[in-house]
**Student:** 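Attaching a single structure in structure tokens format; questions to follow.
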There are 2 protein chains.
Amino acid sequence: MNSVNIGMIGLGNVGSGVWRVLEKKKEEANSFPWNVLEIKKIGVRDVRKERQVKVPASLLTQDIDSIINSPHIDVIVEVAGGRDEGFKIISRAINAGKHVVTANKDVIASYGLELFRLARSKGVKIYFEASVGAGIPIIRVLREDLVANSIQEIRAILNGTSNYILTRMSENGEDFGTALGMAQRLGYAEPNPDNDVKGVDAAYKITILSSIAFNTSVSPDDIYVEGIDTVSIRDIEYAHELGYEIKSLAIARKHNDGLELRVHPTMIPRTSMLAAVRGVYNGIYIVGDAVGPMMFYGRGAGSLPTASAVVSDLCDLVRSLRDGSGGQLEVPALDNIPIRPIEKLETRYYIRLNVPDRPGVLAGIAMVFGNLGISIASVVQKEVPDTKGQAELVIITHTAQEGPFRQAISQMDRLDVVNKVESTLRIEGVVEE
Amino acid sequence: MNSVNIGMIGLGNVGSGVWRVLEKKKEEANSFPWNVLEIKKIGVRDVRKERQVKVPASLLTQDIDSIINSPHIDVIVEVAGGRDEGFKIISRAINAGKHVVTANKDVIASYGLELFRLARSKGVKIYFEASVGAGIPIIRVLREDLVANSIQEIRAILNGTSNYILTRMSENGEDFGTALGMAQRLGYAEPNPDNDVKGVDAAYKITILSSIAFNTSVSPDDIYVEGIDTVSIRDIEYAHELGYEIKSLAIARKHNDGLELRVHPTMIPRTSMLAAVRGVYNGIYIVGDAVGPMMFYGRGAGSLPTASAVVSDLCDLVRSLRDGSGGQLEVPALDNIPIRPIEKLETRYYIRLNVPDRPGVLAGIAMVFGNLGISIASVVQKEVPDTKGQAELVIITHTAQEGPFRQAISQMDRLDVVNKVESTLRIEGVVEE
């Protein structure tokens with residue numbers, strides 16, 4: 001077949017990886033599909049900037065439009081990033097009749113449906129495997145390999161930075177600030193880490209995964225989000241004592257009355273697969289009605305892992321062009337599942353309270369829970385070192401609803417027998433005895 | 001498009017699952033691809049036998065040939081099992097111009113290359129995602145999603161029965177016989193468990209995975225195999241003490257001079273992802289040069305998980321038929337990589353010895369290792385309870401070669417200062433301090 005000409009927008013970390021992988025593959029084998037994939041133009045902000053890879057100067061241009069509108073370009077690889085800039089590039093590329101491969105999760109999470117519809121109306125394809133979990137094949141797995149299943153739930157570690165920080169806290173006993181500092185020194189966290197540690201990045205990714213898994217329209221605003229910046233080393237110590245680990249999970253679960261969607265630090269049993277995901281790695285745990293529980297694990301970011309997915313998308317496109325169609329599945333009619341408010345969530349909770357060390361404390365707290373129909377599963381009380389007459393009370397509840405639970409917490413905060421509600425965490429899964 | 005007519009051979013555990021999944025999907029959505037997939041005939045040994053699913057009697061026949069040769073059948077789903085019977089059915093189906101979807105690992109491992117070539121010459125497709133890891137998408141992931149990578153190694157838990165037994169031994173302190181008995185009572189192990197516990201099943205599966213990952217011809221006879229029936233609870237206890245877990249791993253690794261291929265009980269760090277794979281689950285750990293380390297986890301057997309893969313293969317076929325071609329990749333020219341003999345293996349070893357509790361013992365043993373150029377990393381010595389003057393010596397070596405290591409063991413067995421070499425195990429990975 002004729003060559004498939006690529007216009008790549010962006011030559012940063014991911015773009016350099018795509019260049020490297022294609023160069024290497026072409027050296028190894030001059031056969032299909034490598035012999036047809038050609039990077040013809042690369043759009044960059046500054047053609048004179050030092051690059052990680054040696055690219056012929058003739059390929060570089062600052063004129064993005066000339067690439068998008070060139071009749072000699074078949075596919076636009078968008079690896080420049082940025083939500084609104086990305087949307088502009090991709091939508092213009094589609095309108096110009098180009099296929100698109102992108103690694104841009106912000107665009108797909110925010111404008112995915114719009115872009116898919118536009119692409120269909122223009123008869124072009126849009127691929128975005130790299131937008132979630134980098135090289136972990138999860139988009140196509142959900143769409144094709146698990147096609148025989150109704151997906152019941154997704155529980156995932158989708159942000160490597162947060163997981164790296166929590167791993168350091170858990171394994172080295174460092175506090176959040178220290179672990180974040182290390183992550184920044186190693187280049188795993190940005191100077192402004194909010195996008196990662198406040199759960200925004202994971203929310204974008206679970207938006208994409210849940211849209212596909214449940215065949216419905218999800219927006220990033222539908223996701224309830226809490227960051228990991230409130231997790232204290234004290235909570236991690238208690239978690240360990242009780243047989244748990246604390247991980248930032250993105251959770252999507254289908255109920256009869258709607259979708260449960262949330263990103264927050266979560267206590268999970270130390271023996272669970274997700275608890276074994278350490279450092280900058282991602283883990284995506286999925287339950288399908290036929291296949292049962294599965295997990296997909298790998299690097300969720302980085303130049304070459306992300307390029308691995310971009311190049312696999314390009315190969316998919318090449319095959320589908322050769323065969324006339326195929327490759328990508330249709331977008332079926334959407335199910336339009338409502339989103340459940342967080343107040344409807346039913347789960348188990350962990351609460352850590354600072355209380356005065358005197359009689360009647362537990363009775364007072366138990367009464368608040370009891371009045372709201374929340375049942376206590378276990379209680380641990382400890383002295384607080386270096387204080388006089390203070391104790392720490394850790395309570396695990398049975399399954400309760402978020403609404404009443406929040407009421408209980410706010411009532412407790414005003415209780416005489418509670419100095420302070422130090423922290424609360426949601427629990428997924430039960431530690432086996 | 002016209003309906004794609006299926007002739008299914010076998011209506012046991014997997015066949016019933018395929019029937020169930022297709023029924024359910026058709027109920028849920030009468031759209032592509034479900035509206036074109038039709039099971040037209042089912043070949044069974046005994047049409048009067050009680051079945052797990054309600055199938056119209058008119059679909060059943062004992063005349064397998066009539067299905068294979070029917071002009072109204074487009075694809076044969078072979079879920080009857082058995083190596084030679086399976087080969088006969090599949091090769092006859094291909095010769096009759098039918099596409100094939102199979103879950104039969106024995107056939108693909110033993111006759112894969114022959115069948116792929118036959119299929120190509122007849123212009124039909126053969127799919128076998130279900131043959132390894134049931135519903136875990138691994139065949140297509142290796143072929144398509146990881147196409148940008150050179151695969152460097154695979155380390156995998158591919159036999160759920162063995163992993164269930166080892167998990168019970170590790171977590172409940174049961175010995176092999178007791179754990180096997182429980183596995184048999186629960187239906188996880190056959191009355192004759194040899195195929196699972198002696199590593200044969202895992203060897204078939206790693207044959208298939210390594211053929212695809214390294215694009216070469218591998219036969220089940222190329223795999224060095226040891227079962228888990230020699231693993232003692234004592235070794236598991238020592239493993240835990242040293243920070244390890246014992247798992248039956250299938251390992252395939254590419255070296256400059258050939259492929260390393262083996263299945264045996266292996267000590268791995270307790271913090272590794274594979275150590276977190278408990279019970280009847282499978283875990284397939286893969287390292288690609290671009291994507292880095294990944295792991296795929298899920299149920300490796302069972303009616304519905306296996307059906308999930310069979311039905312996903314059917315959907316893949318349907319798409320490729322609709323689009324004229326595509327879907328499945330070509331079989332490229334094989335690399336014909338030589339297989340390394342086990343004697344060339346370089347790894348770390350664990351040895352447990354029963355020795356007399358007197359001076360000079362360690363010196364004698366160290367001398368044997370030293371003379372063969374094997375260096376000792378650590379030694380633990382313990383008394384053996386309820387014996388007089390016996391001690392147990394556990395040695396971990398640095399990386400050594402299997403050939404000299406075996407020499408050392410056989411020399412030790414004749415040594416005055418060694419009562420018995422109780423066990424040896426190979427180690428993968430280093431416990432972090």
Side-chain angles (χ1 to χ4, degrees), chain A residues 17 20-22 24-25 28-29 31-33 129 134-137 140-141 144-150 271-273 275-278 281 283 285 288-299 302 304-305 307-312 315-316 319-320 322-327 329-330 332-333, chain B residues 17 20-22 24-25 28-29 31-33 129 134-137 140-141 144-150 271-273 275-278 281 283 285 288-299 302 304-305 307-312 315-316 319-320 322-327 329-330 332-333:
Chain A
R20 272 201 198 104
V21 167
L22 282 179
K24 175 163 179 285
K25 279 294 167 184
E28 279 173 19
S31 58
F32 186 85
E129 182 63 68
I136 304 171
R140 196 160 65 168
V141 161
E144 302 188 20
D145 296 283
L146 299 183
V147 65
N149 292 264
S150 294
T271 52
S272 63
M273 285 303 296
V277 177
R278 301 161 67 224
Y281 281 82
Y285 182 91
D289 64 344
V291 80
M294 319 190 80
M295 195 175 86
F296 301 86
Y297 164 90
R299 284 191 187 140
L304 291 176
S308 170
V310 169
V311 172
S312 138
C315 292
D316 209 349
R319 282 194 298 271
S320 97
R322 183 194 56 184
D323 302 335
S325 166
L329 288 180
E330 303 67 33
Chain B
R20 273 201 197 102
V21 167
L22 282 178
K24 177 165 177 284
K25 279 293 169 186
E28 279 172 19
S31 58
F32 185 85
E129 182 62 69
I136 304 171
R140 198 162 62 169
V141 161
E144 302 189 21
D145 296 283
L146 299 183
V147 66
N149 292 265
S150 294
T271 52
S272 63
M273 286 302 297
V277 177
R278 301 162 64 223
Y281 283 80
Y285 183 91
D289 63 345
V291 80
M294 319 192 80
M295 195 176 86
F296 302 86
Y297 164 89
R299 285 192 188 137
L304 291 176
S308 171
V310 169
V311 171
S312 138
C315 292
D316 209 350
R319 282 194 298 272
S320 97
R322 183 194 56 184
D323 302 333
S325 167
L329 288 181
E330 304 68 35

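To find a chain, count down the sequence lines: A is the first, B the second, and so on, and within it residues start at 1. Every heavy atom of this structure was used, including side-chain atoms; hydrogens, water molecules and symmetry mates were not.
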**Student:** Might you point out which heavy atoms bring A/E129 and A/R140 nearest each other, and give the distance in Å?
**Tutor:** OE1-N, 3.0 Å
**Student:** Take A/M273 and B/M295, measure what side chain to side chain contact (heavy atoms under 4.5 Å, CB included) needs, and give me the verdict at the end.
**Tutor:** CA-CA 11 Å; A/M273 285 303 296; B/M295 195 176 86; 3.4 Å; yes
**Student:** For chain A, find which of B/G17, B/G298, B/G135 contributes the most heavy-atom pairs closer than 4.5 angstrom.
**Tutor:** B/G135
**Student:** Please classify the contact of A/R20 with chain B as side chain, backbone, both or neither, using a heavy-atom distance under 4.5 Å.
**Tutor:** neither
**Student:** Can you give me the closest heavy-atom contact between B/F32 and B/R322, atom names plus distance?
**Tutor:** CE2-NH1, 3.4 Å
**Student:** What residue in A/D145, A/L22, A/V311 has the most heavy-atom pairs under 4.5 Å with chain B?
**Tutor:** A/D145
**Student:** So for A/S31, is it side chain, backbone, both, or neither that comes closer than 4.5 Å to the heavy atoms of chain B?
**Tutor:** neither
**Student:** Does any heavy atom of chain B fall under 4.5 Å from the side chain of A/V310, the backbone, both, or neither of them?
**Tutor:** neither
**Student:** To the nearest 0.5 Å, tell me how far A/D316 CG sits from A/S320 OG.
**Tutor:** 7.0 Å
**Student:** What residue in A/N149, A/V21, A/I136, A/L146 has the most heavy-atom pairs under 4.5 Å with chain B?
**Tutor:** A/N149
**Student:** With a 6.0 Å cut-off on the ring centroids, do A/Y297 and A/Y281 count as close?
**Tutor:** yes
**Student:** Let's test your reading of the structure: which of B/P137, B/A276, B/P33 forms the most heavy-atom pairs below 4.5 Å with chain A?
**Tutor:** B/P137
**Student:** For B/S150, what residues pass the side chain to side chain contact (heavy atoms under 4.5 Å, CB included) criterion, not counting sequence neighbours?
**Tutor:** A/K24, A/K25, A/E28, B/D289
